Amino acid sequence: MPLLPDHLITGYRNFITGRYVSESDRYRSLAREGQTPETMIIACCDSRTAPETVFDAGPGELFVLRNVANLIPPYEPDGEFHSTSAALEFAVQSLKVKNIVVMGHGRCGGIKAALSHGAAPLSPGDFIGKWMSLISPAAETVAASTMMTTGERATALERISIRYSIANLRTFPCIKILEDKGKLTLHGAWFDVSTGELWAMNKQTGDFERPDIS
Ligand SMILES: [Zn+2]
């Protein structure tokens, strides 16, 4: 039985003899001085939407949190297990990131699940159902919009949920205070897996627009 799947061993061999060699100084300095990423990205677990790939980022550049459908729960200091809130707390209070980007994406399975309310859970725990219930009111409203196609409903909820998560970020006192002081900026982005297009949220209108990359 191999210690790791073959494709991971192959990938690691390519990394350690290629990219690691060319970036070894950077890795050594990051090891010595610690990480100081300016930007935190909250992205989906989806294998097609790695922020480091989309933003061509090297080691130490992005502090990345990934969860199903890139959702931020509201601030709930209730003593329960909150992995997303823990990562936020570390990024904001310890790393003092300047930006938080909530990045959604097209064809999101979590969003699709939220729109197909009543579908059987994947396991008795129904962890996805519980997690996606964070956006239940929006999901129910969008799902009831019979004027839209299935694809339009998915895109709409993918973008609505980004705005919802940004609103929830502001329920964290430390984030609200730093944003009000101008020390932290909250952003929304949406990545289209099929075309590679990146859309960014207009902070005034909440609409998504193509950023100028020329
Ligand atoms: Zn997704």
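When a ligand or atom number is given, it counts from 1 through the structure's own listing order. Not measured: the values here are computed from a predicted model.
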Legend entry - Other residues, nucleotides, ligands: >12 heavy atoms within 6.0 Å of Tyr12 OH: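 No - once you tally the heavy atoms of other residues, nucleotides and ligands closer than 6.0 Å, there are 12 at most.
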Expected list for residues 165-178: side-chain donor-acceptor pairs under 3.5 angstrom, two or more places apart:
from   : atom 1 : to     : atom 2 : distance (Å)
Ser165 : OG     : Ile72  : N      : 3.0
Ser165 : OG     : Ser161 : O      : 3.2
Asn168 : ND2    : Ile72  : O      : 2.8
Arg170 : NE     : Glu179 : OE1    : 2.7
Arg170 : NE     : Glu179 : OE2    : 3.2
Arg170 : NH2    : Glu179 : OE2    : 2.8
Thr171 : OG1    : Tyr75  : N      : 3.0
Thr171 : OG1    : Asn168 : O      : 2.6
Lys176 : NZ     : Asp180 : OD1    : 3.1
Lys176 : NZ     : Asp180 : OD2    : 2.8

What side-chain donor-acceptor pairs closer than 3.5 Å can you find for residues 124-133, not counting sequence neighbours?
from   : atom 1 : to     : atom 2 : distance (Å)
Asp126 : OD1    : Gly129 : N      : 3.1
Trp131 : NE1    : Val68  : O      : 2.7
Ser133 : OG     : Lys130 : O      : 2.5

Inset, instruction - Determine the interplanar angle of the Trp190 and Trp199 rings, folded into 0 to 90°, and report it as parallel if under 30°, tilted if 30 to 60°, perpendicular if over 60°. - result: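 Taking Trp199 first and then Trp190, their aromatic rings stand perpendicular (interplane angle over 60°).
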Inset, instruction - Answer yes or no: is there a donor N or O on one side and an acceptor on the other, between the side chain of Asn67 and the main chain of Leu71, under 3.5 Å? - result: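 Here the side-chain-to-backbone pair exists.
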Legend entry - Which residues share a side-chain contact (heavy atoms from CB on, under 4.5 Å) with Ala143, sequence neighbours left out: Leu115
Inset, instruction - Sort by chain and number the protein N/O/S atoms found under 2.8 Å from the Zn ion (ligand 1). - result: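 Protein N, O or S atoms closer than 2.8 Å to the Zn ion (ligand 1): Cys44 SG, His105 NE2, Cys108 SG.
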